[in-house]
Chemist: 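Got a structure for you, questions after.
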Amino acid sequence: MTAGESITLRVANVLEACGIPFLLSGSFASNYYGIPRSTKDADFVMQSQRAVGPDFAQQLGEDFVLEPQLSFETNTSTFRQVLRHKKKTFKVELFLLSQDPHDQARFSRRREVQMFERRVWLPSPEDVVITKLRWARGKDKDDARDVMAVQQNKLDWPYVEEWCRRHGTLPLMEEIRRSISAA
């Protein structure tokens with residue numbers, strides 16, 4: 001297990017111990033459904049009205065530094081809290097579940113999977129594709145393509161197409177999908 005995986009597992013364990021419903025998103029989710037790549041961070045979405053506090057930090061242990069303040073995150077239109085390991089360059093971002101309709105749908109559709117020798121909550125593969133296309137940074141497009149290529153016939157395409165239409169990313173999704181079919 002890599003240092004990043006170990007840190008991610010530790011955070012998942014503490015979120016669960018604190019009774020905070022979560023999902024692990026970002027590259028860990030796209031790695032699970034697509035083609036794995038290295039990552040320098042883990043992204044959690046928490047169903048919580050506030051930042052995690054001292055009790056959370058205490059359960060994590062003294063190897064971690066928790067930013068006490070929430071900051072607004074423009075890509076997700078929600079608030080996040082950053083957690084860093086003192087000895088590793090790996091960081092964890094804890095996002096509050098937003099009121100965005102897709103964020104709500106993604107969280108309600110989350111699924112429990114086996115990862116890191118335990119059960120972890122991930123978004124569905126469709127929601128990984130939708131979110132990655134919505135962010136549309138370089139790695140995000142690659143991740144969306146990889147999940148689409150690996151999960152191709154298993155995806156609920158009408159669901160993906162509807163959200164991409166709403167987000168204005170349908171042309172990008174169709175372009176990537178055509179490139180997979182042509183390969």
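What's counted below: heavy atoms across the whole structure, side chains too, no hydrogens, waters or symmetry copies.
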Chemist: Going by side chain to side chain contact (heavy atoms under 4.5 Å, CB included), His85 matches just one of Leu60, Asp63, Val11. Which one?
Modeler: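 Going through Leu60, Asp63, Val11 one by one, the side chain to side chain contact (heavy atoms under 4.5 Å, CB included) with His85 is satisfied by Asp63 alone.
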
Chemist: Write down the atom of Arg109, the atom of Ser124, and the distance for their closest heavy-atom approach.
Modeler: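 So the minimum-distance heavy-atom pair works out to NH2-OG, 3.1 Å.
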
Chemist: Between Glu126 and Asp156, is there a donor-acceptor pair closer than 3.5 Å when you use the side chain of the first and the backbone of the second?
Modeler: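 Present.
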
Chemist: For a side-chain contact (heavy atoms from CB on, under 4.5 Å) check, start with the C-alpha distance between Lys40 and Thr89, then their side-chain angles and the critical distance, and finish with the verdict.
Modeler: CA-CA 7 Å; Lys40 296 178 182 176; Thr89 58; 5.7 Å; no

Chemist: How are the rings of Tyr159 and Trp163 set relative to one another: parallel (under 30°), tilted (30 to 60°) or perpendicular (over 60°)?
Modeler: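 Tyr159 vs Trp163 ring planes: perpendicular.
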
Chemist: I'd like to know if Asp140 and Lys132 make a salt bridge, using a cut-off of under 4.0 Å between side-chain N and carboxylate O.
Modeler: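 A salt bridge is present here (some side-chain N lies under 4.0 Å from a carboxylate O).
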
Chemist: Roughly how far, to the nearest 0.5 Å, is the CG atom of Leu170 from the CG atom of Leu133?
Modeler: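 The distance works out to 9.5 Å.
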
Chemist: Among Asn31, Asp146, Asp143, find the residue that satisfies the side chain to side chain donor-acceptor pair (under 3.5 Å) test when tested with Arg37.
Modeler: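 That would be Asp143.
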
Chemist: Report yes or no: do Thr169 and Arg134 form a side-chain donor-acceptor pair below 3.5 Å?
Modeler: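 No.
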
Chemist: Is the backbone of Val52 close enough, under 3.5 Å, to the side chain of Gln81 for a donor and an acceptor to pair up by distance?
Modeler: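 The answer is yes, because a donor-acceptor pair under 3.5 Å joins these two groups.
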
Chemist: Quick one: does Ile35's side chain get under 4.5 Å of Val150's, heavy atoms only?
Modeler: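 Side-chain contact under 4.5 Å: yes.
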
Chemist: Could you tell me which non-hydrogen atom of Ala42 sits nearest to which non-hydrogen atom of Leu24, and how far apart they are?
Modeler: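 What the structure gives for the nearest pair is CB-CD1, 4.3 Å.
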
Chemist: Quick one, Lys91 and Leu83 - any side-chain contact, counting heavy atoms below 4.5 Å?
Modeler: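 Not touching, per the 4.5 Å side-chain cut-off.
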
Chemist: Without swapping roles, check the side chain of Ser108 against the backbone of Ala105 for a donor-acceptor pair under 3.5 Å.
Modeler: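 Yes; at least one donor-acceptor contact below 3.5 Å.
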
Chemist: Please report the closest heavy-atom contact between Gly26 and Asp43, naming both atoms and the distance.
Modeler: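 In this case the closest contact between Gly26 and Asp43 is CA-OD2, 3.7 Å.
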
Chemist: What about the rings of Phe56 and Phe64, do their centers lie closer together than 6.0 Å?
Modeler: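 No, too far apart.
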
Chemist: Before you tell me yes or no, could you show the steps for Lys139 and Asp142 under salt bridge (Lys or Arg N to Asp or Glu O under 4.0 Å), namely the whole-Å CA-CA distance, both residues' side-chain angles and the distance that decides it to 0.1 Å?
Modeler: CA-CA 5 Å; Lys139 287 181 183 180; Asp142 292 342; over 6 Å; no

Chemist: Taking C-beta and beyond as the side chain, do His102 and Thr131 meet within less than 4.5 Å on heavy atoms?
Modeler: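 Yes. Closest side-chain heavy atoms under 4.5 Å.
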
Chemist: Please determine whether ring-ring contact (aromatic ring centres under 6.0 Å, His included) holds for the pair Tyr32 and Phe116, giving the CA-CA distance in whole Å, both sets of side-chain angles, and the decisive distance to 0.1 Å.
Modeler: CA-CA 11 Å; Tyr32 182 83; Phe116 312 130; 9.5 Å; no

Chemist: Which distance, rounded to the nearest 0.5 Å, do you find between the CE of Met1 and the OG1 of Thr8?
Modeler: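 One finds 9.5 Å between CE of Met1 and OG1 of Thr8.
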
Chemist: Between the main-chain N or O of Met148 and the side-chain N or O of Tyr33, is there a donor-acceptor pair closer than 3.5 Å?
Modeler: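 It does not hold such a pair.
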
Chemist: Flag yes if Leu70 and Leu66 sit in one hydrophobic cluster, no otherwise; membership is Ile, Leu, Val, Met, Phe, Trp, Tyr, and two members link when side-chain heavy atoms are under 4.5 Å apart.
Modeler: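 In one cluster: yes.
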
Chemist: Quick one: pull up CZ in Phe95 and CZ in Phe22 and give me the separation to the nearest 0.5 Å.
Modeler: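 The CZ atom of Phe22 is 15.5 Å from CZ of Phe95, to the nearest 0.5 Å.
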
Chemist: Using side-chain contact (heavy atoms from CB on, under 4.5 Å), reason through Met115 and Leu122 one step at a time and then give a plain yes or no.
Modeler: CA-CA 10 Å; Met115 182 186 275; Leu122 294 182; 3.9 Å; yes

Chemist: Determine, for Glu112 against Arg118, whether the closest basic-nitrogen to carboxylate-oxygen distance falls under 4.0 angstrom.
Modeler: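 No, no charged N to carboxylate O under 4.0 Å.
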
Chemist: Under 4.0 Å between a side-chain nitrogen and a carboxylate oxygen: does that hold for Glu162 and Arg166?
Modeler: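 Counted as a salt bridge, because a side-chain N and a carboxylate O are separated by less than 4.0 Å.
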
Chemist: Is the closest side-chain donor-acceptor distance between Ser27 and Thr39 under 3.5 Å?
Modeler: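 Their side chains do contain a donor-acceptor pair, which is all the 3.5 Å distance test asks for.
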
Chemist: Does CD belonging to Gln58 count more than 12 external heavy atoms closer than 6.0 Å?
Modeler: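 No, CD of Gln58 has 12 or fewer neighbouring heavy atoms, counting only those of other groups under 6.0 Å.
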
Chemist: In the single-linkage hydrophobic clustering (I, L, V, M, F, W, Y; side-chain heavy atoms under 4.5 Å), do Val45 and Val82 co-cluster?
Modeler: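 The answer is no; the residues belong to distinct hydrophobic clusters.
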
Chemist: Quick one, Asp41 and Val92 - any side-chain contact, counting heavy atoms below 4.5 Å?
Modeler: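 Side-chain contact under 4.5 Å: no.
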
Chemist: What distance do Cys164 atom SG and Ile130 atom CD1 have between them, rounded to the nearest 0.5 Å?
Modeler: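 It comes to 5.5 Å.
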
Chemist: Can you name the nearest heavy-atom pair linking Arg111 to Pro123, along with the distance?
Modeler: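 What the structure gives for the nearest pair is CG-O, 4.3 Å.
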
Chemist: Nearest 0.5 Å please: distance from the CG atom of Asp103 over to the OG atom of Ser98.
Modeler: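 Atom-to-atom, Asp103:CG and Ser98:OG are 3.5 Å apart.
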
Chemist: Using only atom types and a distance under 3.5 Å, with no angle test, would you say the side chain of Ser6 pairs donor to acceptor with the backbone of Ala3?
Modeler: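 Here the side-chain-to-backbone pair does not exist.
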
Chemist: Say you draw a straight line from CH2 of Trp135 to NE2 of His167; how long is it, rounded to the nearest 0.5 Å?
Modeler: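 Spacing of CH2 (Trp135) from NE2 (His167) equals 12.0 Å.
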
Chemist: Salt bridge (Lys or Arg N to Asp or Glu O under 4.0 Å), that's the test. Do Glu161 and Arg177 meet it? Break it down for me.
Modeler: CA-CA 11 Å; Glu161 291 165 357; Arg177 194 171 179 192; 3.2 Å; yes

Chemist: Compare all side-chain heavy atoms of Thr2 with those of Glu5 and state whether any distance is below 4.5 angstrom.
Modeler: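 In short, these two side chains touch, coming nearer than 4.5 Å.
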
